[in-house]
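Before any comments, here is the structure.
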2 protein chains.
Amino acid sequence: MLTDRQAAILRLVVQEYIETAEPVSSRSLVEKHQLPISSATIRNEMARLEEDGYITHPHTSAGRVPAEIGYRRYVESLMAEDPIAPAEQRTIEHQLHQVLGGLDEWLSLAATILAASVGNVAVVTRPQATGAHLKHMQLVELHGESVLLVAVMDDGRVRQRILPQPTPTRQDVLNERTLRLNARMAGLGGAATQLLATEISDPEDATIVRAVAELIEEQRYTEETFLDGLRAALEQPEFASVDRMLMAVQQLQAYRVRRLVEQARGGRLGITRVLIGREHGVEGMQEWSVVVSSYGDAAGSIGAVAVLGPTRMHYERTIPRVRYVAALMSHLIEGVR
Amino acid sequence: MLTDRQAAILRLVVQEYIETAEPVSSRSLVEKHQLPISSATIRNEMARLEEDGYITHPHTSAGRVPAEIGYRRYVESLMAEDPIAPAEQRTIEHQLHQVLGGLDEWLSLAATILAASVGNVAVVTRPQATGAHLKHMQLVELHGESVLLVAVMDDGRVRQRILPQPTPTRQDVLNERTLRLNARMAGLGGAATQLLATEISDPEDATIVRAVAELIEEQRYTEETFLDGLRAALEQPEFASVDRMLMAVQQLQAYRVRRLVEQARGGRLGITRVLIGREHGVEGMQEWSVVVSSYGDAAGSIGAVAVLGPTRMHYERTIPRVRYVAALMSHLIEGVR
DNA sequence: ATTAGCACTCTCAACCGGAGAGTGCTAATG
DNA sequence: CATTAGCACTCTCCGGTTGAGAGTGCTAAT
């Protein structure tokens with residue numbers, strides 16, 4: 001267990017290191033905070049903290065640097081969240097309301113705003129229906145030779161697919177079929193639609209129903225991610241060498257980021273999780289931390305808002321901001337529907 | 001005008017520099033290619049080439065480096081395109097056929113394949129209708145309080161927008177309205193739809209028609225780009241310092257890349273353009289070249305396939321590959337419809 | 001016109017050397 | 001017994017120097 005004094009010192013070490021990115025020395029702590037104890041005492045305490053794994057040493061004559069456990073402890077119980085100034089809140093909210101295009105533009109904008117606010121990589125994933133249901137579908141004739149199937153889900157997302165058509169079909173015939181099939185499929189989930197397909201005798205109808213079933217399910221796997229802030233993150237001193245920077249760029253490949261965010265996010269809304277370094281278990285990204293929060297609507301459509309950065313990250317700033325943006329998005333997505 | 005010998009030397013200088021990324025010396029040329037002239041002669045010729053602006057000098061005792069005009073001349077008349085081996089053709093084609101999801105996944109895949117093939121940044125933009133027309137639109141009720149408008153264009157793309165609804169409307173009422181409005185709007189372009197909106201007396205109908213008009217036009221501006229190969233490009237020696245790498249990352253911001261590609265592409269299909277360094281006029285990217293080709297279908301839906309890289313780029317390899325991928329995509333997009 | 005030869009320039013890597021920063025330990029102190 | 005002053009020791013980092021190597025440009029000879 002840590003004594004109060006050890007905890008206080010650990011806190012200062014983490015704060016100072018997050019601020020300056022330089023190993024922090026015993027003397028600098030005393031001077032900077034006018035501590036009522038000497039640097040030698042600090043050194044003794046630091047040695048204890050190092051024994052317990054909270055901090056480390058780059059080399060013999062360097063100051064101390066937080067270890068993963070040190071950050072963990074800091075985030076868990078030593079840190080005070082940095083409140084978002086009302087002015088900044090307003091700025092963020094205002095920017096987020098400037099939605100011009102569709103959902104995608106909006107998510108991309110959210111990533112940009114968040115990235116700018118925390119100075120690290122921000123990632124936003126598309127909200128994913130957990131068990132979406134079909135609201136409505138429509139068949140549209142294309143070039144007379146193929147048919148466009150448009151399916152609208154009850155969470156407002158739209159998916160389309162082009163179906164080859166052996167014989168040309170006129171639009172009014174398609175309208176009739178649309179009407180007929182909608183009557184049977186509306187409100188069904190993926191599994192139920194799949195089941196329905198097996199019960200339909202008309203082969204063309206069955207093809208369409210099967211396609212709709214796939215569209216409903218498909219959403220689960222085509223989760224796109226919107227990312228911004230690469231430049232800012234790469235400016236962090238941890239990447240201040242060509243090799244490290246290249247590594248970082250490689251590590252931020254889309255699929256890895258997705259894995260990381262997926263790994264880290266808890267299902268429930270309103271909860272912000274923090275995974276530090278190896279805690280997330282995505283290999284090759286041991287030196288990255290992630291702060292993630294889910295957003296979504298009551299209907300169960302859920303996406304993630306996350307910030308990625310080096311383990312030396314402004315957790316005090318990042319955590320409330322991720323939470324705030326996620327909450328805003330939940331609110332907006334609810335309102336827009 | 002260049003003598004034959006000067007042209008030959010310029011060609012060797014450019015080739016050698018593209019290959020090695022190091023200034024090329026007179027002696028190395030003689031040795032490597034067993035030229036029947038001495039290095040002193042080469043030096044004299046090089047001095048002429050430098051006077052005419054084809055090559056430069058990093059510093060007094062360094063070899064020669066191609067200047068923009070040198071590259072231009074090389075691409076124009078000195079270079080022989082590097083044919084794509086049948087095996088590689090098959091690989092590319094095969095990969096490109098592995099389409100799982102929708103259009104977006106496909107474009108993203110194309111960017112990845114091209115990037116891997118040329119070792120630089122590859123960009124693919126969504127095909128954009130040049131003057132799209134409405135094929136069909138549909139209104140779908142959401143939560144009883146807002147309405148989802150889905151518009152299908154005659155080139156197969158789908159756009160949606162959520163419209164607030166003062167009073168809840170039942171789906172069958174919406175269906176009726178859908179039918180009525182489709183009869184008047186189908187086949188119209190953006191401008192015609194806009195005009196139509198002014199002639200409609202029912203305010204709710206007018207709102208919808210106006211929204212459709214915007215959706216038709218909107219496509220022109222929400223052109224998304226799919227990008228891959230950042231890592232490979234950053235490995236080029238021109239970015240081998242932290243500052244330069246950061247610059248590069250910043251320069252590859254989405255909107256700039258879009259401007260660049262937009263700037264560079266010629267409208268017509270089948271033509272591959274090369275813009276070297278300052279030729280494209282996008283400020284801050286003077287050291288980037290772009291090779292771009294349009295793709296699309298006969299219906300006039302056009303997107304771009306491009307490769308970005310430092311001016312020292314394997315033009316012989318890149319140009320045919322960009323052209324090939326663009327042609328493949330034109331073919332595929334035609335076939336899919 | 002070509003080329004051998006050479007002086008001159010510039011870069012680059014390696015190699016000190018010393019200042020500076022920090023620690024760990026020991027011994028003294030309240 | 002916790003705290004602290006003092007000091008030796010270690011490691012990094014920076015600036016300056018040096019010499020090798022690579023290339024050019026020029027001159028004079030062929």
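Quantities reported herein were computed from a predicted structural model and do not represent experimental measurements. Just so it is clear: chains get the letters A, B, ... in the order the sequence lines come, proteins before strands, and each one is counted from 1.
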Please write out the pairs of protein N or O atoms and N or O atoms of nucleotides 28-30 of chain D separated by less than 3.5 Å, giving the distance to one decimal.
none

Would you tabulate the nitrogen or oxygen pairs shorter than 3.5 Å linking the protein to nucleotides 15-25 of chain D?
unit_1: D:dG23; atom_1: O4'; unit_2: B:Ser61; atom_2: O; d: 3.0
unit_1: D:dT24; atom_1: OP1; unit_2: B:Ser26; atom_2: N; d: 3.4
unit_1: D:dT24; atom_1: OP2; unit_2: B:Ser26; atom_2: N; d: 3.4
unit_1: D:dT24; atom_1: OP2; unit_2: B:Ser26; atom_2: OG; d: 2.7
unit_1: D:dG25; atom_1: OP1; unit_2: B:Arg64; atom_2: NH2; d: 3.4
unit_1: D:dG25; atom_1: OP2; unit_2: B:Arg64; atom_2: NH2; d: 3.4
unit_1: D:dG25; atom_1: N7; unit_2: B:Arg43; atom_2: NE; d: 3.1
unit_1: D:dG25; atom_1: O6; unit_2: B:Arg43; atom_2: NH2; d: 3.2

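DNA chain D lies under 4.0 Å from no heavy atom of any residue of residues 237-245 of chain B. Near-neighbour residues of DNA chain D inside residues 1-14 of chain B, defined by a heavy atom below 4.0 Å, are absent.
Here A:Glu45 pairs with A:Arg5, A:Gln6 under the side chain to side chain donor-acceptor pair (under 3.5 Å) rule; sequence neighbours left out. When the ring pair (Phe, Tyr, Trp, His ring centres under 6.0 Å) test is applied to B:Tyr324, no partner is found at least two apart in sequence or on another chain. Remark: A:Arg48 pairs with no residue by the salt bridge (charged side-chain N to carboxylate O under 4.0 Å, His left out) rule, at least two apart or across chains. Among residues two or more places apart in sequence or in another chain, the salt bridge (charged side-chain N to carboxylate O under 4.0 Å, His left out) test is passed with B:Arg259 by B:Glu283. Judged as a ring pair (Phe, Tyr, Trp, His ring centres under 6.0 Å), and not counting sequence neighbours, B:Phe226 has no contacts. Scanning for salt bridge (charged side-chain N to carboxylate O under 4.0 Å, His left out) contacts around A:Glu51 gives an empty result, with sequence neighbours left out.
Residue pairs meeting the ring pair (Phe, Tyr, Trp, His ring centres under 6.0 Å) criterion with at least one partner in residues 12-43 of chain A, sequence neighbours excluded, are absent.
With pairs defined as Watson-Crick or G-U wobble and both atom distances under 3.5 Å, the stems of at least three pairs that touch DNA chain D come out as C:1-30 with D:1-30.
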